Amino acid sequence: MTTFPGFADPVLDGQAAFRAVLQAMSRPGLVQRLPVPPEAPPGLSPAAAALLLTLVDATTPLCLDAGAEAEAWVRFHCGAPLAEVGAADFVLNAPLRALSPGNEEEPERGATLILEVSALEEGAGWRLTGPGIEHLHRLRVAGAPEGFLADWAANRLRAPCGVDVILCAGDVIAALPRSVAIEEG
Amino acid sequence: MSGYNFAYLDESTKRMIRRAILKAVAIPGHQVPFGSREMPLPYGWGTGGIQVTAAILGPADVLKVIDQGSDDTTNAVSIRAFFRRTAGIATTESTAEASIIQTRHRIPERALREDQILVYQVPIPEPLGRLEPRIAETRRMHAMADYGLMHVKLYEDIARHGHIATSYSYPVMVNGRYLMSPSPIPAFDNPKMDRMPALQLFGAGREKRIYAVPPYTSVKSLDFDDHPFRPIRAPHACELCGSRDTYLDEVLTDDVGGRIFVCSDTDFCAERQAMKEAAE
Ligand SMILES: [Zn+2]
């Protein structure tokens, strides 16, 4: 059991959060604010908690290492089975290269990495190009894991297979679909 | 609204469709399987498009539905009524006012914006299906980006007719990687898909596939250097608004062979007529 809540309005908050994720995934590097639960459990940022409530359920193996309170919360509100990193559809905070990239015939089985960072800011930092971007989007990511951009370059070489990333900080997100190219700012 | 969940579908079905949509966006032009649900409308009425719309729709959305460019066919009217009843949302016939446009067989003439989403109803998602009926083989072709068969088919068209005879469902390459069916829109509309500012989502209910073209993504109609793709329209002006750059329908006016050409996009035509009247 958990004493920490889910969305105040599961249907409408879930819809609004999904549209923010869809917007983020369609326009890589644009920062989107999510509706978040009134209080996130210890071990999860509000945005990561909102993403799990929006996307994860009993049909999606989940890998997270965020402590017992977060695990109890996920079990109660999402019902997701916990899995090893390589067997999970959704993974919280793990090295990019550890996740499943899908296969050539089913690239959609490539997993989604939810990665908590300390801050996201548009207009400076990394230079993003690719589908969803008219010319160039810039995204400053504070607190990305060491070697993330090298891992990202390797991820792109596996196209159309690969891992998609949703970055979270506080109650905002930005997405990096596998199709986006990133250069250091 | 009692007895329904918001927008008809239950939350676990919406989550499943939403996950498929996100993967479709991340892999432009790739067909993502999803667990299509029975809908209270028959196949052929756009159950794939309806499920995509139901999974993305929120209370602030304004929905437009067109069928062959028209807002007032039975199909379009029924789908709008369905979402007004199950989601309590506003609907419109104006392309400019809509935040979500669900369409069968046309892309609106008015250029779409970044804050709009275009949802296509797709009867047959597999562009290679008529050339290669084995599903395992078409999957392999997509995996290998082996599209020689489609080029051969188009070249046979040229040998037989002197030009590419395909005028609907004309196949496109998305982001230089996946061959995609644009759904049965006229080839005239294909260029509108290329680098469109709006997100384009495609739902096939019977075949249980979702695919997508993100904003500002390259969409190229297949062609050859010596036979470039040409969008074709009837060489007439619209009888009602005078337009010479829109897609026209031929309409019989009597039973002795009288006929006129009018815009297929009724909202665009009405807007042009109003502009013309204001100017006079
Ligand atoms: Zn007209």
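Below, chains carry the letters A, B, ... as their sequence lines are ordered, and counting in each starts from 1. Model, not experiment: these values are computed from the prediction.
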> Is it true that atom CZ of B/Arg113 has more than 12 heavy atoms of other residues, nucleotides or ligands lying nearer than 6.0 Å?
yes
> Pick out which of A/Ile114, A/Leu52, A/Leu55 makes a side-chain contact (heavy atoms from CB on, under 4.5 Å) with A/Leu62.
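The option that passes is A/Leu52.
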> My understanding is that only one of B/Gln51, B/Arg206, B/Lys208 makes a side chain to side chain donor-acceptor pair (under 3.5 Å) with B/Ser36; could you say which?
B/Gln51
> Among B/Pro215, B/Ala26, B/Ser218, which residue has the highest count of heavy-atom pairs closer than 4.5 Å to chain A?
B/Pro215
> Pick one of side chain, backbone, both or neither for B/Ile27, based on which atoms fall under 4.5 Å of a heavy atom in chain A.
side chain
> For a quick test of reading the model, state the closest non-hydrogen atom pair linking B/Thr91 to B/Val62 and the distance between them.
C-CG1, 4.2 Å
> Counting only non-hydrogen atoms closer than 4.5 Å, does A/Val21 touch chain B with its backbone (N, CA, C, O), its side chain (CB onward), both, or neither?
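When you check distances to chain B, atoms from both the backbone and side chain of A/Val21 fall under 4.5 Å.
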> If I measure from the heavy atoms of chain B, does A/Thr112 come under 4.5 Å with its side chain, its backbone, both, or neither?
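A/Thr112 touches chain B through backbone and side-chain heavy atoms alike.
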> For the candidates A/Gln23, A/Arg27, A/Met25, which exhibits the highest count of non-hydrogen atom pairs separated by less than 4.5 Å from chain B?
A/Arg27
> Is the CG atom of A/Leu12 crowded by more than 12 outside heavy atoms at less than 6.0 Å?
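Result for CG/A/Leu12: enclosed.
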> How far does CE of B/Met193 sit from OG of B/Ser221, to the nearest 0.5 angstrom?
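Taking CE in B/Met193 and OG in B/Ser221, the distance rounds to 8.5 Å.
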> Heavy-atom cut-off 4.5 Å, strictly under: side chain, backbone, both or neither for B/Ala55 against chain A?
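Looking at B/Ala55, just its backbone touches chain A.
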> Please identify, among A/Arg19, A/Arg178, A/Glu106, the residue contributing the most non-hydrogen atom pairs under 4.5 Å to chain B.
A/Arg19
> When you look at CZ of A/Arg33, are more than 12 heavy atoms from neighbouring residues, nucleotides or ligands closer to it than 6.0 Å?
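Not buried by this count: 12 neighbours or fewer within 6.0 Å.
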> Side chains of B/Tyr211 and B/Gln200: is there a donor and an acceptor less than 3.5 Å apart?
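B/Gln200 and B/Tyr211 do not have a side-chain donor-acceptor pair below 3.5 Å.
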> Just verifying a value: how many Å separate A/Asp164 CG and A/Ser179 OG, rounded to the nearest 0.5 Å?
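Separation between the atoms: 7.5 Å.
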> Which word best sums up how the rings of A/Phe148 and A/Trp152 line up, parallel for under 30°, tilted for 30 to 60°, or perpendicular for over 60°?
parallel
> Taking side chain as everything from C-beta outward and backbone as N, CA, C, O, which of these in B/Asp61 sits under 4.5 Å from a heavy atom of chain A? Side chain, backbone, both or neither.
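Contact with chain A: side chain only.
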> Can you name the residues of residues 138-150 of chain B that have some heavy atom under 4.5 Å away from a heavy atom in chain A?
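Hits under 4.5 Å: B/Arg139, B/Arg140, B/Ala143.
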> At a heavy-atom separation under 4.5 Å, does A/Ala111 approach chain B through its side chain, its backbone, both, or neither?
backbone
> Quick one: are the ring centres of B/Tyr8 and B/Phe83 less than 6.0 Å apart?
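Distance test on ring centres: not under 6.0 Å, no.
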> Checking B/Ile21 against chain A: side chain, backbone, both or neither under 4.5 Å from a heavy atom?
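The side chain, not the backbone.
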> Top residue by heavy-atom pair count (under 4.5 Å) with chain B, among A/Asp57, A/Ile133, A/Asp89?
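With the most close heavy-atom pairs to chain B, the winner is A/Asp57.
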> Once the angle between the rings of B/Tyr178 and B/His30 is folded into 0 to 90°, is it parallel (under 30°), tilted (30 to 60°) or perpendicular (over 60°)?
tilted
> Search all heavy atoms of A/Val117 against all heavy atoms of A/Ala142 and return the closest pair with its distance.
CB-O, 3.3 Å
> Let's test your reading of the structure: which of A/Ala159, A/Pro177, A/Gly132 forms the most heavy-atom pairs below 4.5 Å with chain B?
A/Gly132
> Among A/His135, A/Glu105, A/Arg109, who wins on heavy-atom pairs under 4.5 Å with chain B?
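When all of A/His135, A/Glu105, A/Arg109 are compared, A/Glu105 has the most.
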> Take A/Leu167 and A/Leu139, measure what side-chain contact (heavy atoms from CB on, under 4.5 Å) needs, and give me the verdict at the end.
CA-CA 11 Å; A/Leu167 302 164; A/Leu139 179 67; 4.0 Å; yes
> Give, as side chain, backbone, both or neither, the part of A/Leu53 having an atom under 4.5 angstrom from any heavy atom of chain B.
backbone
> Select one option (side chain, backbone, both, neither) describing which atoms of B/Leu57 are under 4.5 Å from chain A's heavy atoms.
backbone
> With a 4.5 Å cut-off on heavy-atom pairs, point out which of B/Gly58, B/Ser12, B/Pro197 contacts chain A the most.
B/Gly58
